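The structure appears right after this line, and notes come after that.
None of these values were measured; they are calculated from a predicted model. Letters A, B, ... mirror the listed sequences (proteins, then strands); counts begin at 1. The analysis underlying the following values was restricted to heavy atoms, covering all of them including side chains, and did not include hydrogens, waters or symmetry mates.
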Number of protein chains: 2
Amino acid sequence: MSKYADIAQNIRHEIKSGVYAPGTSLPDQKSMAANFHTSRMTLQKALDLLKTEGYLYSQQGAGTFVKYNADSLVNMDIGVDQYVGTTELLGPKHKVDSRIVSFNLRYPTEIEQEKLALSATQVIYDIVRARWVDDEPYALEYTKMPVELIPNIDETVLKQSIYQYIENTLGLQIGSAFRRIEARRSTLEDIKQLNILPEDPVLVVTNIVYLADGRPFEYSKTHQRSDKSHFSIFVSGRTHEPH
Amino acid sequence: MSKYADIAQNIRHEIKSGVYAPGTSLPDQKSMAANFHTSRMTLQKALDLLKTEGYLYSQQGAGTFVKYNADSLVNMDIGVDQYVGTTELLGPKHKVDSRIVSFNLRYPTEIEQEKLALSATQVIYDIVRARWVDDEPYALEYTKMPVELIPNIDETVLKQSIYQYIENTLGLQIGSAFRRIEARRSTLEDIKQLNILPEDPVLVVTNIVYLADGRPFEYSKTHQRSDKSHFSIFVSGRTHEPH
DNA sequence: TAGTGGTCTAGACCACGAT
DNA sequence: TCGTGGTCTAGACCACTAA
């Protein structure tokens, strides 16, 4: 743990435990740095962290303040790690399993070539899985991945988590993700697999997921039951007051 | 413009114009700092910016690399400023107007008290507006705001942008926002106001928007036509390889 | 072992807000 | 004018990767 992360942890704790109440200002950087036995530069890096996390904001010339909604952040289950697969998102409290609807190898369509940065003859997996949570259908996943980048996928892997296979077995690092979320009427396949009524809509999430070095490895569409799923995001604004 | 932002701008341009191709590594920090006539610390701050923006990633001991998807970032219209109101999001190319469906003052319900951090007797605005874009209905907005924080709202303001009124007239700074996105069957009011069919779903977006100091000032639900709207987000992963 | 990025320091100067 | 936070510097040391 680096020193500034340590200091940030400390201040975070002080905010949560009420030492610094929302809306009040922190001591000035110079004396805080002295308290933590560090330079002002290091302290500032710690404060920067807390600003991007949404706990603090500062105003040049006036001071550094605790945001009024700092304590409500504690109750939010959102992080940068939102890209993790369904398995990890739901946690160990629930029983999650995947039923493979179909699993094929084929050449990519033009759209798939574009999204996955492939040529016309680089083979992809075309996977359709129904995700069940606590013995109820939850989502229908249409996943496309390049074979070259993610080799040796078989039914055993599909029944577990593909993400864990990529990180642990292949040793690749998952990076950022691009997502598009929309509401759609359910298709016949949705009605059948998700056990819903024709008038129930689905939440369609289109994902393009990249490795840490930026190579795309997954292009997927997930049809989620609208009564069982939603998306939450926290959009953090500017950390400084604009001048 | 601070020096490190300047340098970042420079590097960003070099990536976009192909000087540094995706997947290749940048020169080492020491020589880059020399090229830009600056210290390594300042250069590092510039690189940090580009990392959080998703252009670069670095690996301790190995180098700093351009992400493979760096160039596709150029085509994405997503920024931190996603919280801005509908008016600003659509830009000046489109004709946007609001039709006031109802406008009342009342005491908040328990949920509204919680979301807006109010007591039971602090009056709120209860505003229902239909948003039209290019003479077609686009969304139905149910907005609640505390009168105390955002005073003097009248029909003139409602016809324009509430956000512009808050930032320009009241001089308050808008900060972060919390959003929940889900798919729902359309209500009778949706069908009437949005001119859709009963089987068309709507995308329901629940917003809690905070000022820069963290005080919540808006709790709203927006019912958007599913054929005209979607949500895009870019989830950036770790900027360093984990050790 | 050489070279890379990550962290930390002590001090300087600037921009801004409050007074 | 004073005190605040923001930026910048030059140099030190550490952690890690690759050879």
Side-chain angles (χ1 to χ4, degrees), chain A residues 1-11 20 23-53 55-67 171-173 175 212-214 237-243, chain B residues 1-11 20 23-53 55-67 171-173 175 212-214 237-243:
Chain A
M1 177 90 96
S2 52
K3 190 164 180 181
Y4 75 90
D6 232 15
I7 296 174
Q9 179 58 41
N10 238 299
I11 299 176
Y20 301 122
T24 59
S25 79
L26 263 57
D28 66 277
Q29 292 186 353
K30 222 173 91 186
S31 38
M32 286 190 86
N35 277 341
F36 283 113
H37 304 288
T38 186
S39 70
R40 190 162 74 90
M41 289 311 303
T42 302
L43 176 80
Q44 217 168 38
K45 203 160 178 186
L47 294 180
D48 274 350
L49 236 183
L50 295 169
K51 284 178 205 172
T52 55
E53 287 177 6
Y55 287 97
L56 303 175
Y57 70 102
S58 49
Q59 220 169 335
Q60 195 175 59
T64 302
F65 305 88
V66 181
K67 284 200 186 182
L172 296 170
Q173 295 299 336
D213 63 10
R238 299 175 268 264
T239 54
H240 314 251
E241 297 293 292
H243 311 314
Chain B
M1 179 90 97
S2 52
K3 190 164 180 181
Y4 76 88
D6 233 16
I7 296 173
Q9 178 59 42
N10 238 299
I11 300 176
Y20 301 122
T24 60
S25 79
L26 263 58
D28 65 278
Q29 293 185 352
K30 224 173 88 185
S31 39
M32 285 191 86
N35 277 340
F36 284 113
H37 303 287
T38 185
S39 69
R40 191 162 73 91
M41 289 310 304
T42 302
L43 177 79
Q44 216 166 38
K45 203 160 177 186
L47 294 181
D48 274 350
L49 235 182
L50 295 169
K51 284 178 205 171
T52 56
E53 287 177 6
Y55 288 98
L56 302 175
Y57 71 101
S58 48
Q59 218 170 336
Q60 196 175 63
T64 302
F65 305 88
V66 181
K67 284 201 187 180
L172 297 171
Q173 296 299 336
D213 63 11
R238 300 176 267 264
T239 54
H240 314 252
E241 298 291 293
H243 308 314

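Here C:dG5 presents its P atom at 14 Å from CG of B:Leu50, a figure rounded to the nearest Å. For the pair B:Asp48 CG and C:dC8 C1', the interatomic distance rounds to 14 Å; values are reported in whole Å. B:Gln44 places its CD atom 15 Å from the P atom of C:dT9, with the value rounded to the nearest Å. In this structure, A:Ile7 places its CD1 atom 7 Å from P of C:dT9, rounding to the nearest Å. The CG-C1' distance, from B:Asp6 to D:dC8, rounds to 14 Å in whole Å. For the pair A:Gln59 CD and C:dA18 P, the interatomic distance rounds to 7 Å; values are reported in whole Å. Here C:dG6 presents its P atom at 8 Å from NZ of A:Lys45, a figure rounded to the nearest Å. Taking atom CG of residue B:Leu26 and atom P of nucleotide C:dG5, one finds them 9 Å apart after rounding to whole Å.
A heavy-atom distance below 4.0 Å to DNA chain C is reached by these residues of residues 31-42 of chain A, ordered by number: A:His37, A:Thr38, A:Ser39, A:Arg40, A:Met41, A:Thr42.
B:Phe36 is linked by a ring pair (Phe, Tyr, Trp, His ring centres under 6.0 Å) to nothing, counting only residues two or more places apart in sequence or in another chain.
Of the candidate nucleotides D:dT4, D:dC8, C:dT4, C:dT4 has the atom nearest to the side chain of B:Asp28. Counting only heavy atoms from C-beta on, A:Ser2 has its side chain closest to C:dC8 among C:dA15, C:dC8, D:dT7.
Taking only side-chain nitrogens and oxygens, A:Gln60 never comes nearer than 4.0 Å to OP1 or OP2 of C:dC14. For A:Tyr4, a side-chain nitrogen or oxygen approaches OP1 or OP2 of C:dT7 to under 4.0 Å.
The minimum heavy-atom distance between B:Val66 and B:Leu56, with the atom names listed, is CA-CD2, 3.9 Å. A:Thr64 approaches A:Ser58 most closely through the heavy-atom pair OG1-CB, 3.6 Å. Here the closest heavy-atom approach between residue B:Phe65 and residue B:Gly23 is recorded as CD2-O, 4.3 Å.
Looking at A:Leu49 and A:Ile7, their side chains never come closer than 4.5 Å, going by heavy atoms from C-beta outward. Taking 4.5 Å as the limit, every side-chain heavy atom of B:Thr52 sits out of range of all side-chain heavy atoms of A:Thr52.
As judged by a 4.0 angstrom heavy-atom cut-off over every strand, B:Lys30 is placed among residues making no nucleic acid contact.
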Run the side-chain contact (heavy atoms from CB on, under 4.5 Å) test on B:Ile11 and B:Met32 for me, step by step, so that the C-alpha distance in whole Å, both residues' side-chain angles and the decisive distance to 0.1 Å come before the verdict. CA-CA 10 Å; B:Ile11 300 176; B:Met32 285 191 86; 3.8 Å; yes
